[in-house]
Amino acid sequence: MAEKIVLAYSGGLDTSVAITWLKENHGFDVVAVAVSLGGGEDMAEAIERARRNGAVEAYGIDAASEFADEYLARAIKANAVYEDKYPLATALGRPLIVKHLVEQALASNAVAVAHGCTGKGNDQVRFDVGIKTLAPDLRIVAPIREWKMSREEEIDYAAARKIEIKVDKAKVYSIDANIWGCAIEGGNLEDPWNEPDEDIYLMTASVADAPTEPCYAEISFENGLPVALDGRALSLKDIIVDLNEIAGRNGVGRLDMIENRLVGIKSREVYEAPAALTIITAHRALEDLTLEREAARYKRLAEQKYAELVYNGQWFSPLRTALDELFDSLQTKVNGDIRLRFHKGTLAVVGRRSPDSLYQYGLATYDKADTFDHDAAAGFIELWGLPLTEWAKKHKRGERMI
Ligand code: ARG
């Protein structure tokens, strides 16, 4: 009996062709595994097709809730955004897909894992490093990195072997979608001067088509995580799904950026992340109200490192786990409600309240309820400014500095 390989299968052209190619070129029996993170794919159809195309076993796994609870929850606490913009939908999804591939490899007694990543992207790194970390004895095969066929050659290869494929007319863009967002690359986007065509967007309306009336939503947080939307207690996954709809309908959630890939390439990326951007904006607003100043400032530095670890395929790492513990300990007071207004492509935080708010009306107000000790300010400034006033006395000898 042939050795088995578990293939990360999407149902697209590459991974459909890979089922036959892995048999022909490496002698493997292929176990196809499709992991859905809520990207709206038709898994049942793809799984049936994998069987017809010769997979010895084929499984579809719906991991959207697990994605929300085990991965996105952490990303929210960390306000994880890469290069100040990208909320990491694809990057966060890869380690969970890897986890399911490795589990299936053990269950099916497979000796290897295959994925459909090219040799130019970040995803190959996330798959390979993830697999090596979780199961160092599994071999890794990346057919697309090896076979160097063009898209046309793949279609010819499939035709010659009667591989059943579902070729989307003129597939122009490379798209990866899950509940945290969608990444769109390729086609005319490869010229950074080109404005994205309106019809590439899957999750968001254009500003022109967005309703003229503003729309409001209230997110309630406990320990740094959304637990209710407009007063209705919901699972994190359901809150994300609802916010994708609300923000998306109002034209909120588009990004168009040049990003630095781990492999050194600068690439033009268009993203849609309506719920991700909404939740992180709200979460930050609640942290502004509830985190002590130095904790908040230090957290910003750690957040940036966290986003880099996720982006660079280092999810299964001691530093990522340690940073999660840091964030967890800072989230115990991140409780309360954030009110948001969506309007014609804009998102604004318009209200915040928290039982753990550090905002003190008596300290902040300029009216007669003021409790701030104004005399203490003068003494404080005396000491705060001491190093500079002494320096000026010594070296400036009465010269004016301006
Ligand atoms: N540039 C993004 C990332 O590295 C998105 C990658 C999207 N992948 C894709 N196959 N379209 O996370």
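All values below come from the heavy atoms of this structure, side chains included, with hydrogens, waters and symmetry mates left out. Counting begins at 1 with the first residue of the sequence. Just so you know, ligand 1 is whichever comes first in the structure, and atom 1 is the first atom listed for that ligand.
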> So, Ser317 side chain and Arg320 main chain: donor-acceptor pair closer than 3.5 Å or not?
Replying inline: yes
> Any side-chain heavy atom of Glu153 sitting closer than 4.5 Å to one from Trp147?
Replying inline: no
> Do Glu287 and Arg293 sit within salt-bridge range, that is, some charged N less than 4.0 Å from a carboxylate O?
Replying inline: no
> Backbone N or O of Asn260 within a donor-acceptor pair of the Glu83 side chain at under 3.5 Å?
Replying inline: yes
> For ligand 1, what are the residues with a heavy-atom contact below 4.0 Å?
Replying inline: Tyr86, Thr90, Ala91, Asn122, Asp123, Arg126, Ser174, Asp176, Ala183, Glu185, Glu259, Glu269, Tyr271, Tyr311
>> Under the criterion ring pair (Phe, Tyr, Trp, His ring centres under 6.0 Å), I'd like the reasoning laid out for Tyr71 against Trp315: C-alpha separation, chi angles, the key distance, then a yes or no.
In response: CA-CA 10 Å; Tyr71 291 73; Trp315 178 265; 4.9 Å; yes
> Side chains of Arg145 and Asp128: closer than 4.5 Å at any heavy-atom pair?
Replying inline: yes
